[in-house]
Amino acid sequence: MKTNYSFLKNSLVGTGFWCLFMLSGYFGIAQNLNFTIDTAIDNGTSITETIVSGGDTYVLTVFHSGNEELDNIGGGDLIFFLSAIDPLTPYTLSIKKNGELINFKLNSIDYDTLGQGTISVTNQDDEEISAPTTYAVGIGSLFISNPSNGFDITEIKIIPTGVLDLNNFGFHNINIDVLDTLDVNESSLLDTQVSVFPNPSNGNITIKNSNIALENAVVTDLNGRTIASYSLNGITGNQDLKMSSVLSTGLYLMTISSKNGSTTKKISIK
């Protein structure tokens, strides 16, 4: 470690993983993974940790344009932190399954800090998962302020506010649920050729479809409870769904499935 101090291990009481929301059966969570960082490797340009589970190999990659490092905070408990190079540039974290990027749900990220600082977390589209939050000296879990933005994502960005934040903060225990492996031919096609409108709406929604045979549409709330389920019977055109009687004001997730894949759309009811 290149700085003139080291992280000190403290006992953490009352912490646990933030449960953002459960998934519908159409995503079929295959694995819950916790990247502890205890077995991570510093590759010089990035930090990686590998988990082998059920015959599959999952690799978390932590990248920063500066100089990320590993530090032992006691008993083999490792964290990653930044030496003072490019201090305002965020970390980016992504996960591969058998060499392919996956979609995942972020449950929690734990931190250890030597000094007060302000940290935020976004997804690959710069949507806030955790709004800028000031943390005191100590250990804990980053606050998840917008759980829907941590669902069905491909990348996490840990963003500092001040120049000392990533030097003072160490991170570990990245807990995620695996959703699916990205398939350019299927997932991208569904994402681009299937949409819902109007959004926001009063509950009466049209699935706009460009010649993909759709099988099902399932609407869940952010706690994973199924609110409505519709059989689309292979329809290749638009489909009107009248849901004003079953949906109240709020945010929901609609998973639209074909035989070869699925896409999830956030829908807002006003």
Visitor: Check step by step if side-chain contact (heavy atoms from CB on, under 4.5 Å) holds for I256 and S262.
Guide: CA-CA 6 Å; I256 304 165; S262 63; over 6 Å; no
Visitor: Distance-only, no hydrogens or angles: does the N149 side chain make a donor-acceptor pair with backbone N or O of E128 under 3.5 Å?
Guide: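 Side chain of N149 to backbone of E128, a donor-acceptor pair under 3.5 Å: yes, one is there.
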Visitor: Do the side chain of K265 and the main chain of D191 share a donor and acceptor less than 3.5 angstrom apart?
Guide: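 Indeed, once roles are kept as given, a pair shorter than 3.5 Å links the two residues.
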Visitor: Looking at every heavy atom in both I159 and P90, which two are closest together, and how far apart are they?
Guide: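 Looks like CG1-CB, 3.6 Å.
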Visitor: Can you tell me if E215 and S257 form a side-chain donor-acceptor pair at under 3.5 Å?
Guide: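 The criterion, which ignores hydrogens and geometry beyond distance, is not satisfied for S257 and E215.
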Visitor: Is the shortest side-chain heavy-atom distance between D177 and N107 below 4.5 Å?
Guide: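 Side chain of D177 against side chain of N107, heavy atoms only: contact under 4.5 Å found.
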Visitor: Using side-chain heavy atoms (C-beta onward) and a distance below 4.5 Å, is D56 in contact with V178?
Guide: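 No, their side chains stay 4.5 Å or more apart.
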Visitor: Return the CD to CG distance between Q116 and D165, rounded to the nearest 0.5 Å.
Guide: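 One finds 9.5 Å between CD of Q116 and CG of D165.
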Visitor: Is any side-chain heavy atom of I207 closer than 4.5 Å to one of I235?
Guide: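 Contact flag for I235/I207 side chains = no.
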Visitor: If you compare all heavy atoms of I47 against all heavy atoms of A40, which two are closest, and at what distance to 0.1 Å?
Guide: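 I47 and A40 have their closest heavy atoms at CG2-CB, 3.8 Å.
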Visitor: Looking at N123 and G150, would you say the former's side chain and the latter's main chain have a donor-acceptor pair under 3.5 Å?
Guide: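 Side chain of N123 to backbone of G150, a donor-acceptor pair under 3.5 Å: no, none is there.
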Visitor: Show the numbers, then the answer: is there a side-chain contact (heavy atoms from CB on, under 4.5 Å) between L101 and T154?
Guide: CA-CA 7 Å; L101 283 172; T154 59; 5.6 Å; no
Visitor: Is there a side-chain contact between I205 and M243, using heavy atoms and a 4.5 Å cut-off?
Guide: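 They are in side-chain contact.
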Visitor: Count the heavy atoms belonging to other residues, nucleotides or ligands that lie under 6.0 Å from NZ of K266, then report whether that count exceeds 12.
Guide: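 Check passes, neighbour count above 12.
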Visitor: With no hydrogens and no angle check, do the side chains of T264 and T255 hold a donor and an acceptor under 3.5 Å apart?
Guide: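 There is such a pair (donor and acceptor under 3.5 Å, judged by atom type) between the side chains of T264 and T255.
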Visitor: Just wondering, do N146 and E127 contact through their side chains at under 4.5 Å, heavy atoms?
Guide: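 Heavy-atom side-chain distance check fails, nothing below 4.5 Å.
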Visitor: Report the distance from atom CG of L106 to atom CD1 of I174, rounding to the nearest 0.5 Å.
Guide: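 L106 atom CG to I174 atom CD1 measures 9.0 Å (nearest 0.5 Å).
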Visitor: Between CG of L166 and OG1 of T89, what distance do you get to the nearest 0.5 Å?
Guide: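 The OG1 atom of T89 is 8.5 Å from CG of L166, to the nearest 0.5 Å.
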Visitor: Test side-chain contact (heavy atoms from CB on, under 4.5 Å) on M254 and L241; report intermediate values, then the result.
Guide: CA-CA 12 Å; M254 177 182 286; L241 300 177; 3.9 Å; yes
Visitor: What residue among T45, D86, T92 forms side-chain hydrogen bond (donor to acceptor under 3.5 Å, both in side chains) with S65?
Guide: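 Option passing the side-chain hydrogen bond (donor to acceptor under 3.5 Å, both in side chains) with S65: D86.
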Visitor: Which heavy atom of L60 sits nearest to which heavy atom of I95, and what is that distance?
Guide: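 Closest approach of L60 to I95: CD1-CG1, 3.9 Å.
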Visitor: Would you say F171 and D110 make side-chain contact, with heavy atoms under 4.5 Å?
Guide: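 The answer is no, as the side chains (C-beta and beyond) never meet within the 4.5 Å cut-off.
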Visitor: Could you give the distance from NZ (K270) to CG (N202), rounded to the nearest 0.5 Å?
Guide: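 Between K270 NZ and N202 CG, I get 7.0 Å after rounding to 0.5 Å.
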Visitor: Out of curiosity, N233 CG to Q239 CD, how far, rounded to the nearest 0.5 Å?
Guide: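 N233 CG to Q239 CD: 8.5 Å, rounded to 0.5 Å.
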Visitor: Within the distance-only criterion (no hydrogens, no angle test), does the side chain of D240 pair as donor or acceptor with the backbone N or O of T206 below 3.5 angstrom?
Guide: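 Answer holds: no.
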Visitor: Any side-chain heavy-atom pair from Y111 and I79 closer than 4.5 angstrom?
Guide: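 Heavy-atom side-chain distance check fails, nothing below 4.5 Å.
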Visitor: If I take atom CD from residue E68 and atom CZ from residue F81, how far apart are they, to the nearest 0.5 angstrom?
Guide: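 That separation rounds to 10.5 Å.
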Visitor: Quick one, S108 with N175, criterion side chain to side chain donor-acceptor pair (under 3.5 Å). Give me CA distance, side-chain angles, the key distance, then yes/no.
Guide: CA-CA 5 Å; S108 64; N175 187 272; 4.8 Å; no
Visitor: Could you pull out the closest heavy-atom pair between N216 and S231, with the gap in Å?
Guide: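 Scanning both residues, the minimum pair turns out to be OD1-CA, 4.2 Å.
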Visitor: Might you point out which heavy atoms bring L179 and F104 nearest each other, and give the distance in Å?
Guide: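 Answer, listing the atom of L179 first, then F104: CG-CA, 3.8 Å.
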Visitor: Applying side-chain contact (heavy atoms from CB on, under 4.5 Å) to L78 and H172, what does each step give before you reach the verdict?
Guide: CA-CA 7 Å; L78 302 186; H172 58 159; over 6 Å; no
Visitor: Side chain to side chain contact (heavy atoms under 4.5 Å, CB included) with I109: which of I176, I156, I119, N173?
Guide: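 Testing each of I176, I156, I119, N173 against I109, the sole residue satisfying side chain to side chain contact (heavy atoms under 4.5 Å, CB included) is I156.
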Visitor: Should L142 and Y135 count as side-chain neighbours, where that means a heavy-atom distance under 4.5 Å?
Guide: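 Counting from C-beta outward, L142 and Y135 do come under 4.5 Å.
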Visitor: Can you give me the closest heavy-atom contact between L214 and L190, atom names plus distance?
Guide: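 Smallest interatomic distance, heavy atoms only, reads CD2-CD2, 4.1 Å.
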